[in-house]
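Hydrogens, waters and symmetry mates play no part in the numbers below; they use all other heavy atoms, side chains included. Nothing here was measured: the structure is a model prediction, and the numbers come from that model. Numbering starts at 1 and runs along the sequence shown.
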Amino acid sequence: MNKTLLLSLLASTCLISCINSVRITTPEADATKIQRAFKQCKSAKDVDKAADLWRAYVDAYQEAAYEGKITAEDVKDFVMKAGYNEYQIEAEKAYFLNGLND
């Protein structure tokens with residue numbers, strides 16, 4: 001019975017780790033990672049990857065705030081310093097899709 005419980009816990013931990021593969025550090029450092037990811041984009045596919053990273057960080061920050069590990073102010077700082085939202089991400093992607101980068 002203990003083995004079953006242990007395996008179940010291990011499986012759920014692995015699933016959570018795979019879904020939320022980012023580890024938050026500080027709002028400044030994490031925002032810098034997001035900005036760097038978007039600056040390195042050379043295609044719409046790269047924008048999608050950077051957006052996935054941004055969303056993973058937003059989710060991680062929200063989850064940490066929900067669990068009381070960080071404050072709502074930390075979440076706000078991260079979002080403000082990262083400098084991106086869904087509208088800006090779509091505009092960035094459109095830049096590549098519309099051939100404006102030629």
Side-chain angles (χ1 to χ4, degrees):
M1 185 160 146
N2 287 338
K3 289 180 183 179
T4 304
L5 179 61
L6 182 60
L7 287 174
S8 176
L9 288 172
L10 180 62
S12 65
T13 302
C14 289
L15 180 60
I16 291 169
S17 296
C18 293
I19 292 171
N20 191 5
S21 61
V22 298
R23 173 175 267 151
I24 62 173
T25 57
T26 67
E28 296 83 9
D30 296 335
T32 299
K33 291 175 192 173
I34 298 301
Q35 291 170 353
R36 190 176 312 123
F38 279 104
K39 285 180 183 172
Q40 293 175 349
C41 291
K42 297 192 184 332
S43 68
K45 185 175 182 177
D46 291 342
V47 173
D48 282 338
K49 288 179 185 179
D52 288 343
L53 180 65
W54 176 79
R55 289 182 192 106
Y57 270 102
V58 170
D59 289 345
Y61 268 83
Q62 289 175 340
E63 182 68 25
Y66 177 77
E67 294 174 355
K69 295 177 182 177
I70 62 173
T71 65
E73 190 66 28
D74 292 328
V75 178
K76 178 183 165 190
D77 285 347
F78 166 72
V79 171
M80 296 301 288
K81 290 176 181 171
Y84 285 89
N85 59 44
E86 291 292 343
Y87 176 78
Q88 290 166 314
I89 291 168
E90 288 304 313
E92 186 86 11
K93 190 173 176 181
Y95 173 82
F96 291 104
L97 292 175
N98 292 329
L100 298 175
N101 59 336
D102 294 335

Check: [Y] main-chain N/O paired with [X] side-chain donor or acceptor under 3.5 Å:
X	Y	value
Q40	Q35	no
D74	I70	no
E90	Y87	no

Spatial distance of atom [atom1] ([X]) from atom [atom2] ([Y]) [nearest 0.5 Å]:
X	Y	atom1	atom2	result
M80	N85	CE	CG	10.0 Å
K76	Y61	NZ	OH	15.0 Å
S43	K49	OG	NZ	7.5 Å
D46	K39	CG	NZ	16.0 Å
Y57	R23	OH	CZ	10.0 Å
Y84	L53	OH	CG	11.5 Å

To check you understand the geometry: which heavy-atom pair defines the closest contact between P27 and F78, and what is its length?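 Nearest heavy atoms, P27 then F78: CB-N, 3.7 Å.
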
To check you understand the geometry: which heavy-atom pair defines the closest contact between A82 and A31, and what is its length?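 It is N-CB, 3.4 Å.
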
Using the rule that Ile, Leu, Val, Met, Phe, Trp and Tyr join whenever any side-chain heavy atoms are under 4.5 Å apart, tell me whether Y95 and I89 fall into a single cluster.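 Per the 4.5 Å side-chain linkage, Y95 and I89 are co-clustered.
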
Residues K33, D30: salt bridge by 4.0 Å N-O rule: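 Answer for the salt bridge query: yes.
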
Does any part of the side chain of Q88, heavy atoms only, come nearer than 4.5 Å to the side chain of W54, both counted from C-beta?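 Of all side-chain heavy-atom pairs linking Q88 with W54, none is under 4.5 Å.
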
For D52, all residues meeting side chain to side chain contact (heavy atoms under 4.5 Å, CB included), sequence neighbours excluded: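 If we apply the side chain to side chain contact (heavy atoms under 4.5 Å, CB included) test to D52, skipping adjacent residues, the hits are R55.
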
